[in-house]
S.K.: 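Below: one structure in structure tokens.
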There are 2 protein chains.
Amino acid sequence: MTILEDAKTGLSKEIKKAADKEDLRPEKVSKLISKGKLVIPHNNRGNSDIVPVGQGASTKVNANIGSSPENVSLEKEIRKARIADEYSDTLMDLSTGGNLDSIRENILNNVNIPVGTVPIYQAVKEIERPEYMKKEDIFKVIEKHARDGVDFVTLHSAITMNVLENLNEEDRVMDIVSRGGAIMAAWMIRNNKENPLYSEFDKILEIAHEYDLTISIGDSLRSGCIRDANDRLMIQEYLEIGRLVQKSRKKGVQTIVEGPGHIPIDKIRTNIKLIKEATDEAPLYVLGPLVSDRGVGYDHITSAIGSAIAGYHGADFLCYVTPKEHLSIPAPEDVKKGIIASKISADAIDLANRNENSKEKNQKMAKARNNLNWEKQFDLAILDQEELGKKLEEDKVCKSEYCSMCGNFCSLKLTEEYLEDL
Amino acid sequence: MTILEDAKTGLSKEIKKAADKEDLRPEKVSKLISKGKLVIPHNNRGNSDIVPVGQGASTKVNANIGSSPENVSLEKEIRKARIADEYSDTLMDLSTGGNLDSIRENILNNVNIPVGTVPIYQAVKEIERPEYMKKEDIFKVIEKHARDGVDFVTLHSAITMNVLENLNEEDRVMDIVSRGGAIMAAWMIRNNKENPLYSEFDKILEIAHEYDLTISIGDSLRSGCIRDANDRLMIQEYLEIGRLVQKSRKKGVQTIVEGPGHIPIDKIRTNIKLIKEATDEAPLYVLGPLVSDRGVGYDHITSAIGSAIAGYHGADFLCYVTPKEHLSIPAPEDVKKGIIASKISADAIDLANRNENSKEKNQKMAKARNNLNWEKQFDLAILDQEELGKKLEEDKVCKSEYCSMCGNFCSLKLTEEYLEDL
């Protein structure tokens, strides 16, 4: 029985833990999971955290780590994984360089948070050119990842021949910016055959069902720039994604869906509402969206803006973006910066959605600030208390009475002194 | 004749320059200025940039600099001013420590962008305790700043006795977080008299009219935490702000109004629409809003999220927030980080508002990215091309063929190779 199947019949231990974590009634969690609107990623390695993603749950953050052919360091990936484990809710190992099995194994051994992968990266790495991939090899890699203890896999199943054929008709500036999507398109074009991740989706569902693996359906045609946002290709793919979600749910396989990309602020709401409609409210995982193409070097900020707006309109799961986006593989310090920016978005979303836990923490922070209690403020900060403490030391700025920003003109101090006479 | 009065009768040279800068018809600029929906800050020093703020214009960014009693360094303030002059649209000198006249003079001599101040800071500094300020001294400081060549002054005119009396009735966590607002409240409480910036607003308008100084009406009761957002006090003050705007316009004085503060995402739209209604669409200058109280150490990001949403709903002018917000006076590097975050917001807002100039730059960026043209991407980046160039060098990541993020699995490279066979 998978978690989804369990949810239809009663309250499993995962459901109870999830309800406890999110401060929800277990019956509600069970109902949401049974309808596919909430998932609890599950793995074969046993010891990972319960991280509910979707409706009713607090907003979650994912950190992408992993090597590339020109940037392989097991030690660095382990460091990144540990940072993600400490600060993020989940991580994805997107390695494409070095010994992928070893990197994945090491990451899995170093974290408790759920781990996702993109099996196609390993499938293509072993044969170098996309068109040489064999269907069976793709399925083997998916199964290997599930067996190794991965919680969720991204599969670019929704880029079908039908979708691809429309690509030439559309006047896109950036055709395909999804790495996995480009690999599948290359395979389809050279072999002149339907995407096997689509045509043999039932086979994939069997594997996923066996290991109770969560599927994350990738959006290969996500907009890679503002100009291409919400175009017909993207929307057509959303409809395909929706059909695959329906199949997954019937099979009892937990499924989430992936969103954009680069979207201007005025188009985010439509985008999010549309994919939520098309997928009958599957948990939505967004990469950004980035609200400008021109934030290069600071795309953790461009993304924090977009993801906060997307989350307010319904996105459940924020894939972080680091300052190195569009430039290179993030270093460990970039991983931290990316997680912090996304965590800020996530808290802002939870506040907007009236999450009680978030409201309470923010009120405590406001009180600590009003009382000029610096230590407590650092404890309640979204993250990186250690660095904040260091800033405090370096700048010698925060005194019990007031801070150096306003000095003796501190509004809080003035207010305390004078307002009692009001 | 002030710029506002000029706009009622014809097309002054400032209006023509503003139209040119914003790619608008001069007649439209003239109409917007005459109605008070757009302002062109003007000064007595002669040589500053034309920076239109308000309806029809692109979104502008302000950087707050200035000393505090515990943090006085003329050299640092000049450095900050130069950074602001290079990257920001305007700056405010909020100095409260050291020789304020000398700091202001040096800042004015080092920049071409419009400069704002808060005269009350100097008025109170000279006598140390708020309640000892004399009305005449306040007006003298305002006039001195205007004469020295300041473009706009923030005046906390809308915290009236009526507003203040309601403070005890409301259950605020943070009563007054505005420094200028707290100073005026202290004066009013101890002297048991109406706020002179309100009761003698006509006198202020005379000075402003003489120097064609732009007034920025401060929001003393802005919410200092999520919990206090959009409460009755804040809204009552907005109504007072609106009445003062009406007076200013009648007198031919350009006026902008200040907004919050800390506001959760779900309340930003209401806040912005309300203040725009209450002020008959005066140009709106927002400090943040911060969408979580818990971003301490990273409030340039918390603020970038809020200001992007506020700008999408109508805010015109973004006061940056630095990573040092709530902690201490920003160092020069914090000033840069704050400006970058706000500039990203501003570009996202302009894109959402279909600003042609912003759309064009973003499309060029998308094309440069698609062509893997790194130099051009750095040229088109929102800012800090120099630092981006350095990153390129350090990481040895960007090759003409692809970047090290995906290496040979670069989606752009794959797409280029395979899609021609589609």
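The sequence lines fix the lettering, A, B, ..., with proteins before strands; numbering per chain opens at 1. Computed from a predicted model, the values in this text were never measured in an experiment.
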S.K.: Quick check for you: to the nearest 0.5 Å, what is the distance between A/Cys225 atom SG and B/Asn370 atom CG?
M.R.: 8.0 Å

S.K.: Could you measure the distance from the CD1 atom of A/Ile309 to the OH atom of B/Tyr312? Nearest 0.5 Å is fine.
M.R.: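 Answer for the CD1-OH pair, A/Ile309 versus B/Tyr312, is 8.5 Å.
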
S.K.: Which bit of B/Arg354 is near chain A, if near means a heavy-atom gap under 4.5 Å: side chain, backbone, both or neither?
M.R.: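 Side chain of B/Arg354 only, per the 4.5 Å heavy-atom cut-off to chain A.
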
S.K.: A/Arg369, A/Lys364, A/Met365: which one forms the most heavy-atom pairs within less than 4.5 Å of chain B?
M.R.: A/Arg369

S.K.: What's the shortest heavy-atom distance between B/Ala352 and A/Asp266, and which atoms?
M.R.: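 For B/Ala352 versus A/Asp266, the nearest heavy atoms are CA-OD1, 3.2 Å.
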
S.K.: Find the one option among A/Ile305, A/Asp293, A/Leu414 whose heavy-atom pairs under 4.5 Å with chain B are most numerous.
M.R.: A/Asp293

S.K.: Is the number of heavy atoms from other residues, nucleotides or ligands within 6.0 Å of NZ (A/Lys267) greater than 12?
M.R.: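 Check passes, neighbour count above 12.
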
S.K.: Side chain, backbone, both or neither: which part of B/Met174 has a non-hydrogen atom closer than 4.5 Å to chain A?
M.R.: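 Contact with chain A is through both the backbone and side chain of B/Met174.
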
S.K.: Heavy-atom pairs under 4.5 Å with chain B are the metric here; pick the option from A/His262, A/Lys359, A/Glu131, A/Glu416 that has the most.
M.R.: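 Sorted descending by pairs with chain B, the first entry is A/Glu131.
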
S.K.: What pairs of residues pass the salt bridge (charged side-chain N to carboxylate O under 4.0 Å, His left out) test when at least one of them lies in residues 337-352 of chain B, not counting sequence neighbours?
M.R.: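 Those involving residues 337-352 of chain B are A/Arg294-B/Asp347, B/Asp89-B/Lys343.
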
S.K.: So for atom NZ, which belongs to B/Lys376, do other residues, nucleotides or ligands contribute more than 12 heavy atoms lying within a distance under 6.0 Å?
M.R.: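 Counting neighbours around NZ of B/Lys376, 12 or fewer heavy atoms of other residues, nucleotides or ligands fall under 6.0 Å, so no.
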
S.K.: Between A/Leu412, A/Val296, A/Val124, which has the largest tally of heavy atom pairs under 4.5 Å with chain B?
M.R.: A/Val296

S.K.: Would you mind checking which part of B/Ser178 comes under 4.5 Å of any heavy atom in chain A, side chain (CB onward), backbone (N, CA, C, O), both or neither?
M.R.: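 Answer is backbone: N, CA, C or O of B/Ser178 sit under 4.5 Å from chain A.
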
S.K.: For the interface with chain B, which of A/Pro130, A/Pro264, A/Gly224, A/Ala185 has the highest count of heavy-atom pairs at distances below 4.5 Å?
M.R.: A/Pro130

S.K.: Heavy atoms only, distances under 4.5 angstrom: which of B/Leu380, B/Ile344, B/Leu164 has the most pairs with chain A? Name it, please.
M.R.: B/Ile344

S.K.: Among B/Ala182, B/Ser358, B/Ser411, single out the residue with the greatest number of heavy-atom pairs under 4.5 Å to chain A.
M.R.: B/Ser411

S.K.: For A/Ser292 versus B/Asn362, what's the shortest heavy-atom pair and its separation?
M.R.: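 Of all heavy-atom pairs spanning A/Ser292 and B/Asn362, the closest is OG-OD1, 3.4 Å.
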
S.K.: With the side chain counted from C-beta on, respond yes when A/Tyr418 and B/Ile176 share a heavy-atom pair under 4.5 Å apart, and no when they do not.
M.R.: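 The answer is no; the side chains never approach within 4.5 Å.
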
S.K.: Need one label for B/Ile226: side chain, backbone, both or neither, based on atoms under 4.5 Å from any heavy atom in chain A.
M.R.: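 Just its side chain gets close to chain A.
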
S.K.: Should A/Ile382 and B/Tyr298 be marked as a side-chain contact (heavy atoms from CB on, under 4.5 Å) after you check the CA-CA gap, both sets of side-chain angles, and the distance that decides it?
M.R.: CA-CA 9 Å; A/Ile382 285 178; B/Tyr298 302 89; over 6 Å; no

S.K.: Would you mind checking which part of A/Ile340 comes under 4.5 Å of any heavy atom in chain B, side chain (CB onward), backbone (N, CA, C, O), both or neither?
M.R.: side chain

S.K.: Taking only residues two or more places apart in sequence, or in another chain, which ones meet A/Asp421 in a side chain to side chain contact (heavy atoms under 4.5 Å, CB included)?
M.R.: B/Ile189, B/Arg190

S.K.: Counting heavy-atom pairs under 4.5 Å with chain A, which one of B/Gly66, B/Ala186, B/Ala381 comes out on top?
M.R.: B/Ala186

S.K.: Quick one: of B/Val291, B/Val173, B/Ile268, who has the most non-hydrogen atom pairs under 4.5 Å with chain A?
M.R.: B/Val173

S.K.: Which answer fits B/Leu94, side chain, backbone, both or neither, if we ask what part of it has an atom under 4.5 Å from a heavy atom of chain A?
M.R.: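 For B/Leu94, there is no contact with chain A at all, as no heavy atom is under 4.5 Å.
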
S.K.: Measure B/Ser307 against the heavy atoms of chain A and call it side chain, backbone, both or neither at under 4.5 Å.
M.R.: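 No part of B/Ser307 comes within 4.5 Å of chain A.
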
S.K.: Highest number of heavy-atom pairs under 4.5 Å with chain A: which of B/Asp228, B/Leu419, B/Ile349, B/Asn192?
M.R.: B/Leu419

S.K.: Applying the side chain to side chain contact (heavy atoms under 4.5 Å, CB included) criterion to A/Thr415, which one of B/Val177, B/Asp175, B/Leu167 satisfies it?
M.R.: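 Among B/Val177, B/Asp175, B/Leu167, the one meeting side chain to side chain contact (heavy atoms under 4.5 Å, CB included) with A/Thr415 is B/Asp175.
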
S.K.: Would you mind checking if B/Arg227 and A/Glu360 are paired as a salt bridge, meaning a charged N to carboxylate O distance below 4.0 Å?
M.R.: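 No, this pair does not count.
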
S.K.: Taking the side chain as everything from C-beta on, heavy atoms only, tell me whether B/Leu351 gets closer than 4.5 Å to A/Ile265.
M.R.: no

S.K.: Who wins among A/Gln377, A/Lys367, A/Glu417 for the most heavy-atom pairs under 4.5 Å with chain B?
M.R.: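 Top count of heavy-atom pairs under 4.5 Å with chain B: A/Glu417.
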
